[in-house]
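Heads up: the structure comes next, in structure tokens.
Numbered from 1 within each chain, the chains take letters A, B, ... in sequence-line order.
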Amino acid sequence: MSIDSVSTLPQNTYPNVRVSATGLELWRGDRCLFNDLSFTLNLPVLHVCGANGSGKTTLLKVLCGLTITERGNVTWTHDKRILTTGEVRGQLAYTGHQEALNPALTVAENLQWGAGLYRELSNDEIQQATEEHQLDSLTSLLACSLSAGQKRRVALLRSVLSHVPVWVWDEPYANLDAAGVEWVNALIEAHVARGGCLILSAHQKPAINPEQVQTLGLTS
Amino acid sequence: MNAFMTWFYQMSSPPHFYRWAGRAIPWFMWPALILSAVAAYLGLVRSPEDYQMGHTVRIMYVHVPSAWLSMWCYTSMAVASAIGWIWRMKLAHAVAAAIAPAGAALTFLALVTGAIWGKPTWGTYWVWDARLTSELVLLFLFMGVVLLRNAFEDRAQGDRAAAILAIVGVVNVPIIHYSVNWWNTLHQSASVSVAGKSGIDSSMLMPLLLMVLGFTLYLVALILMRTRNEVLLRESRKRWVQELVQS
Amino acid sequence: MIEWLNMDGDGIYVWPCYVLTLIVLIANVWVAKLQHASLLKRAAARARHNDARTEVLEEISP
Amino acid sequence: MNELSYRRAFSLQLRKELTQLGRRYGSVLTPLLFFAVVVALFPLSTDPSPQRLATIASSAVWVAALLAAMLAQQTLFRGDFEDGSLQLMALSALPLWLQVIAKQMAHWLVSGLPLVLLSPLAAYSLNMAPQGYTTLMVSLLLGSLSLSSLGAIGAALTVSIRQGGLLFAVLVLPLMVPVLILGTQATELASKGDNAAGLLNMLVAICLLSVTLSPFATAAAIRVSLD
């Protein structure tokens with residue numbers, strides 16, 4: 001799976017979107033997750049790593065704007081212009097621990113709804129995307145009959161299909177086999193090649209060239 | 001005007017509020033005690049008995065203030081919640097969290113004193129009278145807010161959820177009030193109105209107003225005390241609390 | 001005195017109301033005081049615990 | 001930048017909801033069966049002579065319809081919350097309050113409307129005078145619409161709480177008191193042959209108020225629950 005064969009990504013390059021956070025402070029009950037956490041992302045990929053329970057998922061939700069911190073703020077910039085929360089929402093595809101696949105709908109319908117939240121897309125576009133990523137055998141299956149790895153792939157495919165510059169992936173490698181991991185790395189490379197930005201939390205470093213990856217270690 | 005703004009901004013910082021409230025509580029509690037005692041004395045001894053209801057009219061001096069103030073509590077809780085929601089002020093949520101149980105207690109008080117008053121007036125303790133029924137629904141609304149607030153583990157999340165419910169509730173309280181009155185007039189002939197506010201003579205009005213003022217001051221003191229507790233609950237991690245405790 | 005307490009028969013309705021009001025109002029204040037004391041105690045315990053771990057939270061202006 | 005179209009937000013969510021609800025016929029039948037069972041409880045709990053039943057007919061039908069609609073309303077967001085779709089809805093550029101309206105409409109079509117259409121059957125079984133049926137249906141239509149809006153706020157507030165179901169009922173039922181009073185009163189008057197237009201107008205007012213204002217509160221409640 002070389003880079004240029006991932007045709008389901010948009011042909012034009014993405015605008016250059018980056019994020020920075022200053023003085024984040026967040027508590028969960030008596031546990032302090034972040035205390036005065038600040039960082040600025042200037043490389044395309046931000047790799048959030050840390051032990052279990054160090055707040056990786058919460059940090060991703062804070063960056064997306066789902067979780068409100070007690071102190072500090074998150075600013076998204078598009079070529080030095082600061083984006084409002086409304087603008088950020090259209091630019092950002094979040095794939096969390098749960099794959100947001102409705103069990104009563106088929107894979108195609110889930111993708112139609114999931115990517116449809118970001119842009120108008122037709123059924124054959126979905127069909128072409130699933131064929132390209134070897135998921136076409138699943139399109140007519142109900143989401144509840146999929147394995148965890150297959151669900152993970154469909155969720156990641158949704159980000160690809162939504163053509164947004166920023167992907168926020170929480171543990172993309174979870175439940176994936178070797179072929180799956182390689183597929184994800186290819187997706188990341190293609191996305192970064194088009195100028196996209198990726199924020200992911202994972203225990204292993206993404207296998208792409210290291211200069212493009214900025215690592216943020218969280219201590220619990 | 002900007003003197004008020006600086007005071008409002010200063011007050012929004014929990015440590016400052018905590019110290020100010022600590023000093024302010026006695027200033028509200030003692031006048032409340034004095035006023036209520038005077039009002040009770042006037043109401044029980046001085047004021048005449050009602051030609052129809054006899055001495056039971058003296059219950060009005062306790063029932064009416066708690067009924068009025070329970071309504072006041074709900075509205076001020078909704079206002080505090082709205083301030084907390086719009087300006088993200090943790091202190092305003094603490095105030096709203098403090099008002100809710102106090103309001104529920106007053107609503108319960110109004111219900112029970114109204115029911116006891118109902119016995120000599122209508123012969124039974126519970127009558128689906130318009131005011132008592134809307135007091136009962138108000139109690140349900142209060143309990144809803146209190147239960148929702150502590151159903152969440154995270155305090156800030158519970159505050160914001162209870163704020164939404166309080167604001168939605170305060171929009172519905174007048175609608176509930178009028179629809180209950182409407183329902184009451186449709187089904188029952190206009191029974192003796194329990195608190196005949198119109199046309200009570202001045203000797204009865206004085207103790208009533210004094211009692212209302214006394215209850216209000218008491219309520220402000222109680223809410224300040226409870227807000228200090230809520231602030232301690234929310235800020236127990238912060239340094240100013242640890243310094244306060246160690247000094 | 002007894003006659004005044006009796007309020008020719010209505011006393012058994014008036015006095016319970018006043019007594020109940022007093023109880024409810026005092027109970028609220030008393031509970032608030034108890035809660036305040038226990039919160040201070042808990043904060044003190046946490047402060048000692050924190051000092052032991054020598055990790056004191058910086059106070060950032062509101 | 002993606003174009004923002006309100007039509008797409010509404011139709012996207014409506015299509016998803018209707019296909020999902022269509023797949024499980026249980027979502028239509030359960031509220032109806034619950035409604036029938038509760039209506040049947042009333043005659044069982046008093047002497048079923050026609051005159052006796054006629055007096056409680058309108059309140060029995062209304063209380064049963066209210067509880068049935070509330071039962072269906074309770075899990076409005078739970079499914080989406082558990083599989084993560086609610087996060088996706090909150091994070092998309094499409095307005096959340098519009099997606100909430102679409103979700104409410106779909107659920108109302110599936111659980112509220114059948115109740116309204118079948119309520120004359122229950123009224124007939126409780127010996128309500130036939131002249132009251134149309135007013136019953138109109139008032140139930142308005143009542144179930146305002147319940148679906150107010151209930152959505154309660155559902156959004158309690159979606160992340162473990163046993164949120166009971167708390168949901170405690171939150172929503174006091175807010176439904178005005179609708180219940182006006183609805184039962186209108187049906188009562190209509191079944192006696194009087195004109196219930198005044199009450200229905202007030203019911204329309206309350207219904208419009210709750211249908212238009214509550215989606216914003218529901219969207220805010222969803223963002224709180226997702227925190």
* Asked: Using non-hydrogen atoms only, which part of D:Glu82 is less than 4.5 Å away from chain A: side chain, backbone, both, or neither?
  -> backbone
Considering non-hydrogen atoms only, spot the tightest contact between [X] and [Y] and give its length.
| X | Y | answer |
| --- | --- | --- |
| A:Gly116 | D:Leu94 | O-CD1, 4.3 Å |
| D:Gln87 | A:Tyr94 | OE1-CE2, 3.4 Å |
| D:Ala93 | A:Gly90 | CB-CA, 3.5 Å |
| D:Asp83 | A:Gln98 | O-CB, 3.5 Å |
| D:Ala90 | A:Leu66 | CB-CD2, 4.2 Å |

* Asked: Hey, does the side chain of D:Arg15 reach the backbone of A:Trp113 with a donor-acceptor pair shorter than 3.5 angstrom?
  -> no
Heavy atoms, side chains only, cut-off 4.5 Å: are [X] and [Y] in contact?
| X | Y | answer |
| --- | --- | --- |
| A:Val168 | D:Leu91 | no |
| A:Lys61 | D:Leu226 | no |
| D:Arg23 | A:Leu105 | yes |

* Asked: More than 12 foreign heavy atoms under 6.0 Å from CD1 of A:Ile82: is that the case here?
  -> no
* Determine whether more than 12 heavy atoms belonging to other residues, nucleotides or ligands lie under 6.0 Å from atom CG of D:Leu166. => no
* Cationic N near anionic O, under 4.0 Å, A:Glu109 to D:Lys16 -> no
* Structure fact -> dist D:Ser92:OG -> A:Arg119:CZ (nearest 0.5 Å) comes out at 14.5 Å
* Measure the CG-OG1 distance between A:Asn102 and D:Thr19 for me, rounded to the nearest 0.5 Å. => 8.0 Å
* Interface residue of largest heavy-atom contact number with chain D, from A:Leu101, A:Leu117, A:Val62, A:Leu142, under 4.5 Å -> A:Leu117
* Taking only residues two or more places apart in sequence or in another chain, which ones pass ring-ring contact (aromatic ring centres under 6.0 Å, His included) with A:Tyr173? -> none
